[in-house]
Amino acid sequence: PVIQTEVKTPEFHPSIGKEEVLNESSSSSSSSLRLQSFIKEECDSGGEDEGCEFDTTRLAQQVKEALQRLNIGQRVFGHYVLGLSQGTVSDILARPKPWSKLTSRGREPFLRMKHFLSDEHSIRTLSVIQERLR
């Protein structure tokens with residue numbers, strides 16, 4: 001899947017200050033490149049030539065469990081990681097569509113979720129952000 005780099009949504013970035021949203025003009029392309037690199041590695045390791053396919057139901061469940069375990073709200077997760085509203089995040093996590101029925105744009109939140117779950121630094125940083133917002 002191709003990640004659209006021209007979409008300007010707030011993204012989570014582990015190296016920014018604890019309470020800042022990514023500076024879209026300077027960092028969004030490097031963040032997208034890191035995400036694309038991660039996706040390529042994931043797909044290559046799966047051995048699938050036609051691209052990779054994620055189990056969206058399992059991924060949504062893993063994210064819900066991680067957010068609950070770490071006491072991170074969907075609003076914070078949606079804002080800093082997915083660039084989506086809390087309502088959209090809630091809908092995606094409660095009723096994930098099968099990967100094969102998603103468009104490239106619809107797959108992006110799941111790719112970001114997968115990337116988030118695999119990055120301990122991002123998880124710790126988001127936990128700190130959530131604590132500071134309380």
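Keep in mind the model is a prediction, meaning the values are calculated, not measured.
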For Leu82 and Arg112, the nearest pair of non-hydrogen atoms, with its separation, is CD2-CB, 3.6 Å

Are any of the side-chain heavy atoms of Val128 and Arg132 separated by less than 4.5 Å? yes

Kindly check if the number of other-residue, nucleotide or ligand heavy atoms within 6.0 Å of NZ (Lys97) is above 12? no

Report yes if some heavy atom in the side chain of Leu59 is under 4.5 Å from a heavy atom in the side chain of Pro96; otherwise report no. no

| Should Phe116 and Ile123 count as side-chain neighbours, where that means a heavy-atom distance under 4.5 Å? | yes

Here the gap from Leu126 atom CG to Ile72 atom CD1, rounded to the nearest 0.5 Å, amounts to 4.0 Å

Quick check: do Phe54 and Leu111 have side-chain heavy atoms less than 4.5 Å from each other? yes

Exercise for review: For the pair Glu53 (side chain) and Trp99 (backbone), establish whether a donor and an acceptor sit closer than 3.5 Å, ignoring hydrogens and angles.
Suggested key: no

Rounding to 0.5 Å, atoms OG1 (Thr57) and CZ (Arg95) come to a distance of 12.5 Å

For Val76 and Gln130 the tightest heavy-atom approach is CG2-OE1, 3.2 Å

Heavy-atom nearest pair, Met113 first then Phe77, reads CG-CZ, 3.8 Å

Worksheet item: Is there a side-chain contact (heavy atoms from CB on, under 4.5 Å) between Ile92 and Leu84 once you walk through the steps?
Response: CA-CA 10 Å; Ile92 288 171; Leu84 299 171; 3.8 Å; yes

Separation between CZ (Arg75) and OG (Ser90), nearest 0.5 Å, reads 14.0 Å

* Are side-chain N/O atoms of Ser122 and Thr125 paired as donor and acceptor at under 3.5 Å? -> no

For Arg134, the salt bridge (charged side-chain N to carboxylate O under 4.0 Å, His left out) test, sequence neighbours excluded, returns Glu131

In short, Phe110 meets Thr56 closest at the heavy-atom pair CE2-CB, 3.7 Å

Test side-chain contact (heavy atoms from CB on, under 4.5 Å) on Gln74 and Leu93; report intermediate values, then the result. CA-CA 9 Å; Gln74 288 181 357; Leu93 293 178; 3.7 Å; yes

All heavy atoms of Pro109 vs all of Gly106, minimum pair found to be CD-O, 3.3 Å

Q: Under the side-chain contact (heavy atoms from CB on, under 4.5 Å) rule, what do Ile129 and His79 come out as? Steps first, then yes or no, please.
A: CA-CA 11 Å; Ile129 290 170; His79 179 76; over 6 Å; no

Residues at least two apart in sequence or cross-chain that pass salt bridge (charged side-chain N to carboxylate O under 4.0 Å, His left out) with Arg58, listed by chain then number, are none

